[in-house]
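In the text below, chain A, chain B and the rest are named by the order of the sequence lines, each starting its count at 1.
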Amino acid sequence: MKFFKRIIQVFGFTAMAILAITSCKRENKNNQATVIDDASKIHISGEMEAELTAPPFVPAPVGNRSAKKLKIHMEILEKEGTMTDGVKYVYWTFGGSVPGSFIRTRVGDEVEFTLANHPENKLPHNIDLHAVTGPGGGATSSFVAPGHEKMFSFKTLNPGLYVYHCATAPVGMHIANGMYGLILVEPEGGLPKVDKEYYIMQGDFYTKGEYGEPGVQSFDMQKAIDEDADYVVFNGKVGALTGDNAITANVGETVRLFVGNGGPNLTSSFHVIGEIFDNVHIEGGSVLNKNVQTTSIPAGGAAIVDFKVDVPGTFILVDHAIFRAFNKGALAMLKVNGEENKALYSGVVQEGIYNPEGGTIQTMPTDTKETVENKSKKTLQEKISSGKQIYTNTCFACHQANGEGISNAFPPLAKSDYLNADVKRSIDIVLNGKSGEIMVNGAKYNSVMTKQTLTNSEVADVLTYVYNSWGNNKTNVTEMMVLEVKNAH
Amino acid sequence: MPINKEHISSVNKAIVRWGICFVLFWTTHADCQSKMAFITGGTYVPLYGRDSLQVTISNFFMDVYPITNEEFVAFVRKNPKWKKSKAKKLFVDGNYLVQWKSDIELDSSQNLKAPVTSISWFAAIAYCDCQGKRLPTVDEWEYVAMANENLADARPLKTYNQFILSWYEKPKTYNNSIGSTFKNYWGVYDLHGLVWEWTSDFNSVLVSGESRKDVDKDSNLFCGSAAIGATDLMNYAAFMRYAIRGSSKAKYTMRNLGFRCVKDKN
Amino acid sequence: MRNIQYILIFIGILLLQFSCRDGAAKNNGVAIFECPMHCEGDITYNEPGNCKICKMDLMEVAKSVRKVEADYISEESIFNLTTKWVTEENRTIELKDLKGKTLVMVMIYTTCKAACPRLVADMRNIEKQLPQENRKNMHFVLVSIDPETDTPEHLKAFALENQMDEEHWTFLQGTKDGVREFANVLAMKYKQISPIDFSHSNIISVLNAKGELIHQQEGLGVDNKETILKIKELIR
């Protein structure tokens, strides 16, 4: 009998276990099913006007609010803006900014979208929101002539971060002129709480003139088709998020970035120098990757990244296709304030000389000797003011507005011992670039400065400006000195 | 010979009288019948063709300039039903002549010699009809507009496309005077660089606004949609003109949309 | 005296200017008659005679009354269009002759092989879903995009072939300009792409008895629930 009892017992347990497993499985299935079903069946209660924000800011999180009828009114403006100092560009915008206003919704919201095309605008436009389930993502229903508006509505079914953009022919040109932005669909209950949230979007621009060529620059169709960008920038212009415009956080805070890429052509290799993303919603979707250095954001795609900032300093955000950062503007800054934490980051502990084979920099010698042809006599003041213009176009991004540089990355030019010690060396660096380790004002730098494509007189002017600013030794660098250095090779 | 003072004065008076009549006639009729250029017809490939890609245009006359604010003021004075307070909602939207100060007066910021804008297709048709003219077809307009200063078809030139594209980036060109852009091969001014212009069959442009779908031959939406395919994917300027046509409705009025008239050869 | 002469010449020239085409619109001299007892409701006739029901002499409708009635057309009514149309029965009408009934309108051409047969089917489908007794309060109007080919004879043949020859079906042939204008009033797009073929948008429009646009259904074989609902509201 006992034996039988055992058998029954064992059998019973096994059966229960199996039942438990299968019921578990079934429950899982049901759960999934209900989630998907729910999105379209979520009841809306009440209505509200959506808060729209210009970058780099985002509206308040949805938190625990119920799904609502969410009214969005967005205006399209074609307007002139600044690409970089001295360079103007006519942007086509959603809501007056590039990227366009940030839209924040939650899953199940019924969005009532009104798209208004300003009467002064020349072109018809529309909007394709990647968050829309429906033909054209709303493009057909929102095709609107200048001086008119169109309304359509849609229900947000899938949580995630989505790009929106104009889809009117020629669609590439509308996007290339800045017609893109992000719409966030938060899951029920919202994303986990963080301390700071920002909105950043990369875009590539194609202008008639080369990078930095002053004046109003028009769109260059051929360069756009060739995918030969003059500018690759965050938030529509060079320096939109550097210096005084940098985004900020305090030590110990968690920062979430909603990062999009409007394209039209280039994929972004988004990277924050000196940080590791704790969490990345890959491609803006539901898959969470952890401990990521660089995340790929395709044109017309997005990602949500978050990380805790543990040490103070300026953190540089770049497209790690690095020439875009240094030569085309794809550079932004996050300034973190607070107490240093030597346990996490020490700064320089020890330094020495290491020279296994004698490391001079090899460059192709210029064999044609140049002479000064144009002996125009500029006054010191004229040279300084022209030099300032060149500085803001060419040097500012790395060496900063007041020559303060960026610690651990770009040496300072203000009160710089290295600079003041040797004028010829400075000229040589501007002409031929510099890589390898150098010591400036007691700190070690090891990075790369590319050779600058400036004329002799431009080199003279920009260096004269630098030497006559920020407590430097007031050297007046002449074109002749530049020529000498050039011909010495 | 004795000089007859009275005779001289009466001859003088007759000359003066006829002179006045002539001047009056000229001033009143000259702005009613604006100058036209003769366009020699021909065959060309527009951006959107029909069954064959080529389209044939007959000889016709086209207004040298777009209709100006001044001319349109004269028109509404004669045809009160087109005053902004009188025009029927079926034929104009709420922005018809929106900038005008009154039914027959421009705002001080407006230029009499600038092209009239904020007018609907119906109003444009009525104006041309009153002149014994008509609106150009899309194909006729595009045929004349592919010319630059020296060539009847300048479309292959990079500079031609670039000139038009740069207009889209200049604000408030609608307030510039007529004749302020180049005189083209046919002697016609301002087809590019001032304002968009109405065409009689603008609603033959079947772009839906979803430009990527329009590339498809989606026979569900339109029958005979094979003609939807564009002939020249590089002609961005033309794409924009077709887009503005596709986005318009006949009663729409826009600040950057005016018109000019044409007349058949006979 | 001479000054007066000049002024007269001046005024004469001005008058020439002012008379720009205004004359063409004023050709509405036809008298209208109706039964004084209104036996047939609002039905009117273009010539004198007897009422079919009470046999009384028809009376001419006072012109002032007609004017008020004409003015009654609202600003947004398609009856503001004054173009002439010919029906499949070879009658010449203006759109305002369709006044007083709910209108369901579509633009097609009879030689169309692709979308039009489906549009016609959609029209028939809408008709079928409406109560039989309401049909006398409705006009189903098919306007030809191709006035050159679609003569009244063609339209009649098409009506018979498609069994759409009852009273409440009307086919219209217009002029080239008239068709373009009508299409524009309904925001319809079309383009001739070969001598016998047109591209066109597929829109069925519902208008109330005053000629005002109430609803449009776009696409082929789409769900017509909303269209039916709107029509039912109008004919109630």
Can you check whether anything in residues 118-126 of chain B gets within less than 4.5 Å of chain C, heavy-atom wise, and list it by number?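 B:W121, B:F122 fall under the 4.5 Å cut-off.
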Return the NZ to NZ distance between B:K249 and C:K189, rounded to the nearest 0.5 Å.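 Taking NZ in B:K249 and NZ in C:K189, the distance rounds to 8.5 Å.
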Interatomic distance, C:I73 atom CD1 to B:K88 atom NZ [nearest 0.5 angstrom]: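 If we round to the nearest 0.5 Å, C:I73:CD1 and B:K88:NZ are 7.5 Å apart.
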Within a radius of less than 6.0 Å around NZ of C:K156, do more than 12 heavy atoms belonging to other residues, nucleotides or ligands occur?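 Yes, NZ of C:K156 has more than 12 neighbouring heavy atoms, counting only those of other groups under 6.0 Å.
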Please check if atom CD in C:E148 has more than 12 non-hydrogen atoms from other residues, nucleotides or ligands closer than 6.0 Å.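 It does not: C:E148 CD has 12 such atoms or fewer within range.
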I'd like to know if the side chain of B:N203 reaches the main chain of C:A187, judged simply by a donor and an acceptor atom lying under 3.5 Å from each other, with no hydrogens or angles considered.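 Looks like no, no N/O pair under 3.5 Å.
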Toward chain B: residues of residues 176-185 of chain C with heavy atoms under 4.5 Å: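 Result: C:R180, C:E181, C:A183, C:N184, C:V185.
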